[in-house]
Peer 1: 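Dropping a structure here in structure tokens format, bear with me for questions.
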Amino acid sequence: MLFDTHAHLDDAALYSDVVNILQRAREAGIDWINSVGCDWRSSLLNVHLAEKHPDMVYASVGVHPSELRQIEENVWEKLTELAKTPRVIGWGEIGLDYHYDDTDKDLQQKYFRAQISLAKEVGKPIIIHDRDSHQDVVDILRQEHAGINGGILHCFSGSWEM
């Protein structure tokens with residue numbers, strides 16, 4: 001069985017052709033796809049896709065570190081409720097991304113911790129985005145006991161030792 005743990009089927013370039021994409025994925029041997037949220041809108045779209053295609057698609061909800069500056073009011077409450085739906089299997093894509101010069105590290109760390117807490121609250125594994133922020137990611141994961149429900153690293157550019 002092959003499970004694509006990280007796709008963005010909600011992307012505008014893919015969403016309108018998702019039926020064909022899923023068919024091609026199945027023909028290539030992919031059994032399941034987790035379509036991952038980056039903000040409220042994409043999380044909601046991914047849940048709808050998972051509900052519409054329960055034979056192949058699951059969803060994850062969360063706010064990507066690059067999207068934190070424009071979060072909507074009550075997003076955490078809405079995502080928490082959405083995370084409780086049966087087709088949601090993870091919380092993410094969350095983490096830290098220090099790649100850009102204008103990165104607000106404090107904001108990203110605050111909401112990385114908050115989303116880890118919400119994932120633990122609803123019993124979901126986390127999907128971690130880590131770009132140019134390795135030690136802070138590891139430190140926060142340890143401090144927050146983030147591994148309790150498991151998870152995966154995505155966009156990890158660090159070393160084997162890290």
Side-chain angles (χ1 to χ4, degrees), residues 3-16 18 21 33-51 57-85 87-162:
F3 192 127
D4 181 345
T5 64
H6 198 104
H8 293 284
L9 296 174
D10 63 288
D11 186 282
L14 306 176
Y15 190 78
S16 63
V18 76
I21 291 168
I33 297 174
N34 180 32
S35 197
V36 180
C38 290
D39 57 17
W40 166 248
R41 182 189 157 282
S42 66
S43 295
L44 186 60
L45 279 174
N46 285 318
V47 171
H48 288 306
L49 282 169
E51 290 171 343
V57 180
Y58 286 98
S60 293
V61 301
V63 180
H64 187 282
S66 298
E67 301 297 323
L68 291 168
R69 289 186 178 163
Q70 55 261 14
I71 57 174
E72 299 175 14
E73 188 175 333
N74 302 324
V75 71
W76 308 120
E77 294 86 0
K78 294 189 304 187
L79 286 173
T80 300
E81 287 308 307
L82 197 58
K84 295 175 184 176
T85 60
R87 302 299 301 168
V88 174
I89 61 168
W91 194 290
E93 172 173 0
I94 66 173
L96 304 175
D97 190 327
Y98 296 170
H99 182 71
Y100 300 102
D101 292 337
D102 65 343
T103 297
D104 186 336
K105 292 180 181 180
D106 291 335
L107 180 75
Q108 287 189 15
Q109 291 176 18
K110 172 185 173 183
Y111 286 119
F112 185 28
R113 290 177 190 278
Q115 290 188 87
I116 290 169
S117 177
L118 292 169
K120 287 171 27 180
E121 178 183 317
V122 296
K124 303 292 181 181
I126 54 177
I127 300 164
I128 305 158
H129 177 97
D130 170 9
R131 185 160 66 160
D132 301 333
S133 54
H134 316 309
Q135 191 61 56
D136 285 347
V137 165
V138 169
D139 290 346
I140 289 171
L141 291 173
R142 286 184 178 141
Q143 292 162 4
E144 299 299 324
H145 307 286
I148 192 163
N149 294 316
I152 62 168
L153 281 168
H154 166 74
C155 189
F156 179 71
S157 59
S159 67
W160 177 255
E161 294 77 19
M162 180 58 74

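On a predicted model such as this, the values are computed, not experimentally measured, just so you know. If you read the sequence from its start, that first residue is 1, and numbering goes on from there.
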Peer 1: From Ile127 CD1 over to Cys155 SG, what is the distance, rounded to the nearest 0.5 angstrom?
Peer 2: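 So the CD1 of Ile127 and the SG of Cys155 are separated by 13.0 Å.
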Peer 1: Does the side chain of Tyr58 pick up a donor-acceptor pair with the side chain of Asn46 at under 3.5 Å?
Peer 2: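 Checked: Tyr58/Asn46 side chains show no N/O donor-acceptor pair below 3.5 Å.
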Peer 1: Less than 4.5 Å apart, any side-chain heavy atom of Leu44 and any of His48?
Peer 2: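 Counting from C-beta outward, Leu44 and His48 do come under 4.5 Å.
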Peer 1: Would you check if Val63 and Trp76 make a side-chain contact, meaning some heavy-atom pair closer than 4.5 Å?
Peer 2: yes
Peer 1: Looking at Glu81 and Lys78, is there a salt bridge between them, counting it only when a charged N and a carboxylate O are closer than 4.0 Å?
Peer 2: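 No.
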Peer 1: Could you check if a side-chain atom of Gln109 sits within less than 4.5 angstrom of a side-chain atom of Asp136, using non-hydrogen atoms only?
Peer 2: yes
Peer 1: When you check the side-chain N and O atoms of Asp39 and Ser42, is any donor under 3.5 Å from an acceptor?
Peer 2: yes
Peer 1: List the steps, then state whether side chain to side chain contact (heavy atoms under 4.5 Å, CB included) holds for Val57 with Val18.
Peer 2: CA-CA 11 Å; Val57 180; Val18 76; 5.9 Å; no
Peer 1: Quick one: closest heavy-atom pair of Gly62 and Ser43, and the distance?
Peer 2: N-OG, 3.1 Å
Peer 1: What verdict does the side chain to side chain contact (heavy atoms under 4.5 Å, CB included) test give for Phe112 and Leu68, after you've listed the backbone C-alpha separation in whole Å, the side-chain angles of each residue and the deciding distance to 0.1 Å?
Peer 2: CA-CA 10 Å; Phe112 185 28; Leu68 291 168; over 6 Å; no
Peer 1: If you round to the nearest 0.5 Å, how far is CD of Gln115 from CD of Glu121?
Peer 2: 12.5 Å
Peer 1: In sequence, state the C-alpha distance, the side-chain angles, and the governing distance for His6 and Asn34, and then conclude on side chain to side chain contact (heavy atoms under 4.5 Å, CB included).
Peer 2: CA-CA 6 Å; His6 198 104; Asn34 180 32; over 6 Å; no
Peer 1: Can you name the nearest heavy-atom pair linking Cys38 to His8, along with the distance?
Peer 2: SG-CE1, 3.4 Å
Peer 1: Flag the pair Tyr15 / Leu9 as yes when at least one side-chain heavy-atom distance between them is below 4.5 Å, and no otherwise.
Peer 2: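 They are not in side-chain contact.
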Peer 1: Any side-chain heavy atom of Thr103 sitting closer than 4.5 Å to one from Tyr100?
Peer 2: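 With C-beta onward as the side chain, the pair touches.
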Peer 1: Looking at Ser66, is its backbone amide N or carbonyl O close enough to the side chain of His64 to form a donor-acceptor pair, meaning the two atoms are under 3.5 Å apart?
Peer 2: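 It does hold such a pair.
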Peer 1: To check you understand the geometry: which heavy-atom pair defines the closest contact between His99 and Asp132, and what is its length?
Peer 2: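 Nearest pair, atom of His99 first, then Asp132: ND1-OD2, 3.0 Å.
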Peer 1: Does atom CD (Glu73) have a neighbourhood of more than 12 heavy atoms from anything else shown, all under 6.0 Å?
Peer 2: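 No, CD of Glu73 has 12 or fewer neighbouring heavy atoms, counting only those of other groups under 6.0 Å.
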Peer 1: A side-chain contact here means heavy atoms from C-beta on lying under 4.5 Å apart; do Lys124 and Asn149 qualify?
Peer 2: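 Heavy-atom side-chain distance check fails, nothing below 4.5 Å.
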Peer 1: Just by distance, do the side chain of Ser133 and the backbone of Asp130 share a donor-acceptor pair under 3.5 Å?
Peer 2: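 Such a contact is absent between Ser133 side chain and Asp130 backbone.
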Peer 1: How about Phe3 and Ile33: do any of their side-chain heavy atoms sit closer than 4.5 Å?
Peer 2: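 Heavy-atom side-chain distance check fails, nothing below 4.5 Å.
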Peer 1: First locate atom OG of Ser35, then atom CD1 of Ile21, and finally report the distance between them rounded to the nearest 0.5 Å.
Peer 2: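 So the gap between those two atoms works out to 10.0 Å.
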Peer 1: Could you walk me through whether Ile94 and Ile126 satisfy the side chain to side chain contact (heavy atoms under 4.5 Å, CB included) test, starting with their C-alpha distance in whole Å, then the side-chain angles of each, then the deciding distance to 0.1 Å, before giving a yes or no?
Peer 2: CA-CA 7 Å; Ile94 66 173; Ile126 54 177; 3.9 Å; yes
Peer 1: Can you confirm whether more than 12 heavy atoms, excluding those of Ile148, are under 6.0 Å from its CD1 atom?
Peer 2: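 Count not over threshold, so no.
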Peer 1: Sorted by first residue and then second, give each salt bridge (charged side-chain N to carboxylate O under 4.0 Å, His left out) pair with at least one member in residues 90-118; sequence neighbours left out.
Peer 2: Arg69-Asp102, Asp97-Arg131, Arg113-Glu144
Peer 1: Looking only at heavy atoms, which two atoms of Arg87 and Ala50 are closest? And how far apart?
Peer 2: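 For Arg87 and Ala50, the tightest heavy-atom pair comes out as NE-O, 3.4 Å.
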Peer 1: Could you pull out the closest heavy-atom pair between Trp40 and Val75, with the gap in Å?
Peer 2: CB-CG2, 3.8 Å
Peer 1: Is there a side-chain contact between Trp91 and Thr80 in this structure, where contact means two heavy atoms from C-beta onward sitting under 4.5 Å apart?
Peer 2: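 Side-chain contact under 4.5 Å: yes.
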Peer 1: Look at the side chain of Ser60 and the backbone N and O of Ile89, then say whether any donor-acceptor pair between them is shorter than 3.5 Å.
Peer 2: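 Checking the backbone N and O of Ile89 against the side chain of Ser60, no donor-acceptor pair under 3.5 Å is found.
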Peer 1: Please name the pair of heavy atoms, one in Val61 and one in Ala83, separated by the smallest distance, quoted to 0.1 Å.
Peer 2: CG2-CB, 3.8 Å
